[in-house]
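We name chains A, B, ... by the order of the sequence lines, and we start the count at 1 in each one. Just the heavy atoms: all of them, side chains too, but no hydrogens, waters or symmetry mates, feed the values below.
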Protein chains: 4
Amino acid sequence: MSPRTREQFQAMRARTRAKILDRSLELFATKGFHDTSIQMIAQAAGISKGLIYSHFKSKDELLEAIIRQGFEIMERETSGSADPDPASYLANLIDDYYTMLLKHETFWQLYMGLMFQPGIVLRYKETMMKYYERMLSRYARIFRSLGIKNAMLEARLLGAIFDGIAMNYFFDRKHYPLKRLKKILLRRYLPDR
Amino acid sequence: MSPRTREQFQAMRARTRAKILDRSLELFATKGFHDTSIQMIAQAAGISKGLIYSHFKSKDELLEAIIRQGFEIMERETSGSADPDPASYLANLIDDYYTMLLKHETFWQLYMGLMFQPGIVLRYKETMMKYYERMLSRYARIFRSLGIKNAMLEARLLGAIFDGIAMNYFFDRKHYPLKRLKKILLRRYLPDR
Amino acid sequence: MSPRTREQFQAMRARTRAKILDRSLELFATKGFHDTSIQMIAQAAGISKGLIYSHFKSKDELLEAIIRQGFEIMERETSGSADPDPASYLANLIDDYYTMLLKHETFWQLYMGLMFQPGIVLRYKETMMKYYERMLSRYARIFRSLGIKNAMLEARLLGAIFDGIAMNYFFDRKHYPLKRLKKILLRRYLPDR
Amino acid sequence: MSPRTREQFQAMRARTRAKILDRSLELFATKGFHDTSIQMIAQAAGISKGLIYSHFKSKDELLEAIIRQGFEIMERETSGSADPDPASYLANLIDDYYTMLLKHETFWQLYMGLMFQPGIVLRYKETMMKYYERMLSRYARIFRSLGIKNAMLEARLLGAIFDGIAMNYFFDRKHYPLKRLKKILLRRYLPDR
DNA sequence: AATGAATGAGTATTCATTCAT
DNA sequence: CATGAATGAATACTCATTCAT
């Protein structure tokens with residue numbers, strides 16, 4: 001019955017918050033934002049509805065927190081991987097993308113789903129765009145260093161390819177030939193390897 | 001004062017039905033299925049809520065009708081365009097895609113949005129898949145006739161590219177360089193032209 | 001193309017009216033008043049919704065017409081059967097009741113159902129009561145002429161027996177031993193026959 | 001400021017649930033199932049519409065709960081009353097019936113009303129039948145032990161009498177000579193007392 | 001007279017959010 | 001801090017009734 005220290009409290013809160021974020025991400029991604037009720041999240045997280053509201057002001061803010069967190073993780077993980085050889089860069093890029101897609105499948109799925117729900121997207125559009133643009137710039141830089149013309153356009157195309165693959169993959173995860181497409185992609189962008 | 005003829009009634013119904021389909025497609029696409037209420041559709045169509053239900057048994061069936069209609073139009077318009085020269089085929093393919101995308105923008109946007117709403121997608125997955133597969137087969141046939149190996153995989157890649165482009169386009173219609181991407185695409189797939 | 005005479009028109013109207021009454025009685029009795037829509041009646045009668053309203057001001061008035069008609073028929077058919085021998089009277093009474101029950105089964109069922117729908121009953125209570133009381137008086141008269149004391153109470157009991165039997169019969173028409181109960185009844189009220 | 005204990009929550013729920021059951025029974029019985037809206041029940045119970053749905057999944061389930069509860073009470077209260085003398089049994093039976101009728105008037109009225117609403121009855125028919133049959137068996141046993149032939153048929157007749165009396169009583173509660181009918185009934189079934 | 005398209009008030013139901021304890 | 005009872009606004013859907021032709 002010794003009173004918990006401030007640290008213990010904070011750790012607990014952090015754990016609860018993480019659990020909420022975790023569970024809602026999963027539910028939002030697999031069932032959709034509208035078809036996931038606060039009640040369901042609470043149940044999945046093993047806590048009460050009220051407690052969710054002590055962490056997030058509203059369902060919308062919870063969603064926002066998930067998105068923000070997702071982007072942060074994504075960015076943190078992508079920013080590394082310097083490589084002197086531009087061609088490897090490109091291979092890394094493609095590798096990275098696939099790694100990310102599979103590692104953060106759930107977030108990715110949620111994120112793409114949101115892109116098409118205009119009512120929701122509006123609120124996060126800017127955040128999403130910033131992230132996306134940063135990514136494109138990275139692609140473009142590599143293309144440019146490889147002497148490719150229209151580097152930004154090429155970056156856009158690569159981005160579109162990635163998005164399209166992800167989209168199709170999520171639509172029919174079980175049967176989509178993700179790996180074989182990766183091979184084709186590598187062959188196309190790095191023919192001389 | 002003589003009663004309306006059967007034809008008159010049918011014409012009235014057809015007109016109303018078209019208006020409903022039209023308006024809901026637009027609203028579903030721009031605001032999302034969940035965020036569009038029957039009330040809103042009624043208002044947009046200038047009719048009463050009840051009348052919608054005299055045409056469609058439920059909101060779900062209305063959506064289904066929209067999807068079905070969309071696919072039908074799409075298919076009807078794509079099925080033509082025979083061309084003796086396979087290379088032209090490919091150019092046509094890309095042309096066609098862009099034409100379709102712009103002509104039926106709204107439906108396209110709805111369709112993509114639905115792909116990520118698991119609760120909804122389930123009901124129409126099969127319909128969507130059939131359509132998509134038919135499209136891929138067409139692509140593959142062309143690749144095959146051009147002597148390209150892995151024709152089906154290449155078809156999948158092209159499909160992904162198209163989807164990715166559409167997705168990005170819808171996310172930021174105003175600034176997306178749709179036309180320039182088309183050029184890049186044509187150059188890539190038909191380098192010797 | 002010769003114009004129909006006034007008589008022909010009236011005959012047609014009467015026929016339509018009869019069909020409406022007939023069909024609604026059946027539907028109200030078997031599905032319940034609330035669970036029968038005007039649309040269903042129109043369909044069952046092979047006419048349009050509007051036409052029903054040209055015969056009856058409202059669904060309620062249609063019900064009222066059915067009830068009124070039912071009572072009229074009932075009364076007309078019961079009023080006859082004079083019999084010099086009081087004991088035969090009693091047998092007749094029981095016979096009559098069973099005959100009526102089976103002949104106008106549908107109306108009977110509707111009528112009993114309405115007795116317990118307070119919202120509806122209120123409007124027809126008086127009509128129903130008058131009819132019922134007249135019936136009871138007839139019973140009482142017979143009991144009195146047979147020298148039975150408490151004739152009115154006995155009439156009430158007989159009435160209750162009739163109602164109870166009908167009720168149970170309607171609840172499980174297929175298995176209810178209607179005929180055997182009649183025998184028991186006759187034996188009880190006319191032991192020396 | 002300490003959170004409510006599980007017991008406190010349970011007590012709250014139980015109180016609310018009882019209030020809902022209580023009020024709906026009354027309203028369903030006096031106004032009919034269809035003519036009682038959830039809104040009315042909420043108002044009568046002094047709670048919000050939503051709260052009703054946290055206790056019962058639907059209006060139908062609420063009705064079912066009422067019926068189930070009614071039968072349970074009925075059965076619990078009837079099951080007692082052993083008596084060595086069969087004749088007393090019979091008197092008890094009649095007594096019991098009248099006691100029940102008056103004690104649970106409202107439920108009785110609801111129950112009878114439902115018997116004639118085909119759409120509703122279907123769902124509960126079996127439950128109702130089971131209860132009714134158990135009751136009839138009890139009656140039959142007594143008749144048999146009194147050496148009466150056709151015991152089951154006699155039971156059915158008694159059942160019908162009870163139902164008929166109840167029905168008439170509910171139709172015109174104020175003026176129906178319930179007590180005097182009881183006397184007549186007792187005299188008829190127990191003439192030598 | 002006859003049709004059925006059109007209306008809109010009414011109803012069950014859901015769910016994010018609040019709040020007393 | 002934590003709970004879940006309670007609220008009420010929002011939403012899909014039904015159906016009696018009206019009315020133009």
Interatomic distance where [atom1] belongs to [X] and [atom2] belongs to [N] [whole Å]:
X       : N      : atom1 : atom2 : answer
C:Leu63 : F:dC15 : CG    : P     : 17 Å
A:Arg17 : F:dC1  : CZ    : C1'   : 17 Å
B:Leu27 : F:dA12 : CG    : P     : 12 Å
B:Lys19 : E:dA5  : NZ    : C1'   : 12 Å
B:Gln39 : F:dA9  : CD    : P     : 17 Å
D:Ile20 : F:dA5  : CD1   : P     : 12 Å

### Query
Side chains of A:Ile66 and A:Phe71: closer than 4.5 Å at any heavy-atom pair?
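SC-SC contact between A:Ile66 and A:Phe71 ruled out.
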
Minimum heavy-atom distance between [X] and [Y], given as atom pair plus value:
X       : Y       : answer
D:Ile52 : D:Ala42 : CD1-N, 3.7 Å
D:Leu51 : D:Thr16 : CD2-CG2, 3.7 Å
C:Ala65 : C:Phe56 : CB-CE2, 3.6 Å
B:Leu21 : B:Gln69 : CD1-NE2, 3.7 Å

### Query
Which of residues 41-61 of chain A sit near DNA chain E, with a heavy atom under 4.0 Å from it?
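The stretch gives A:Lys49, A:Tyr53, A:Ser58, A:Lys59 as the residues lying under 4.0 Å from the strand, ordered by number.
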
### Message
Just N and O in the side chain of D:Arg13: are any of them under 4.0 Å from OP1 or OP2 of F:dG4?
### Response
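Answer no for this pair, as no side-chain N or O of D:Arg13 is under 4.0 Å from OP1 or OP2.
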
### Task
Report, as yes or no, whether the 6.0 Å neighbourhood of atom NZ on C:Lys31 holds more than 12 heavy atoms from other residues, nucleotides or ligands.
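Open: at most 12 neighbouring heavy atoms sit under 6.0 Å from NZ of C:Lys31.
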
### Message
Can you tell me how far apart CG (D:Leu110) and CZ (D:Phe170) are? Round to the nearest 0.5 Å.
### Response
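Interatomic distance, D:Leu110 CG to D:Phe170 CZ, rounded to 0.5 Å: 10.0 Å.
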
### Query
Of A:Ser37 and B:Met12, whose closest DNA chain E nucleotide lies nearer the 5' terminus?
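By nearest-heavy-atom nucleotide position, the 5'-most residue is B:Met12.
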
### Message
Strictly by Watson-Crick or wobble contacts shorter than 3.5 Å, is anything paired with F:dA16, and which nucleotide is it?
### Response
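Result: E:dT7.
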
### Query
In the strands shown, is E:dA1 matched to any nucleotide by a Watson-Crick or G-U wobble pair with both distances under 3.5 Å, and which?
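Pairing partner, where one exists within any strand: none, as none qualifies.
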
### Query
What about D:Arg4, does its side chain sit under 3.5 Å from the base of E:dA20 through a donor-acceptor pair?
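Yes, the side chain and the base share a sub-3.5 Å donor-acceptor pair.
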
### Task
Scan C:Thr16 against the nucleic acid and name what it touches under 4.0 Å (heavy atoms): base, sugar-phosphate only, or nothing.
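Touches nothing.
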
### Query
Where each residue is assigned the nucleotide of DNA chain F containing its nearest heavy atom, which of C:Asp35 and B:Ile38 is assigned the position nearer the 5′ end?
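Taking each residue's closest nucleotide, the earlier one in sequence belongs to B:Ile38.
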
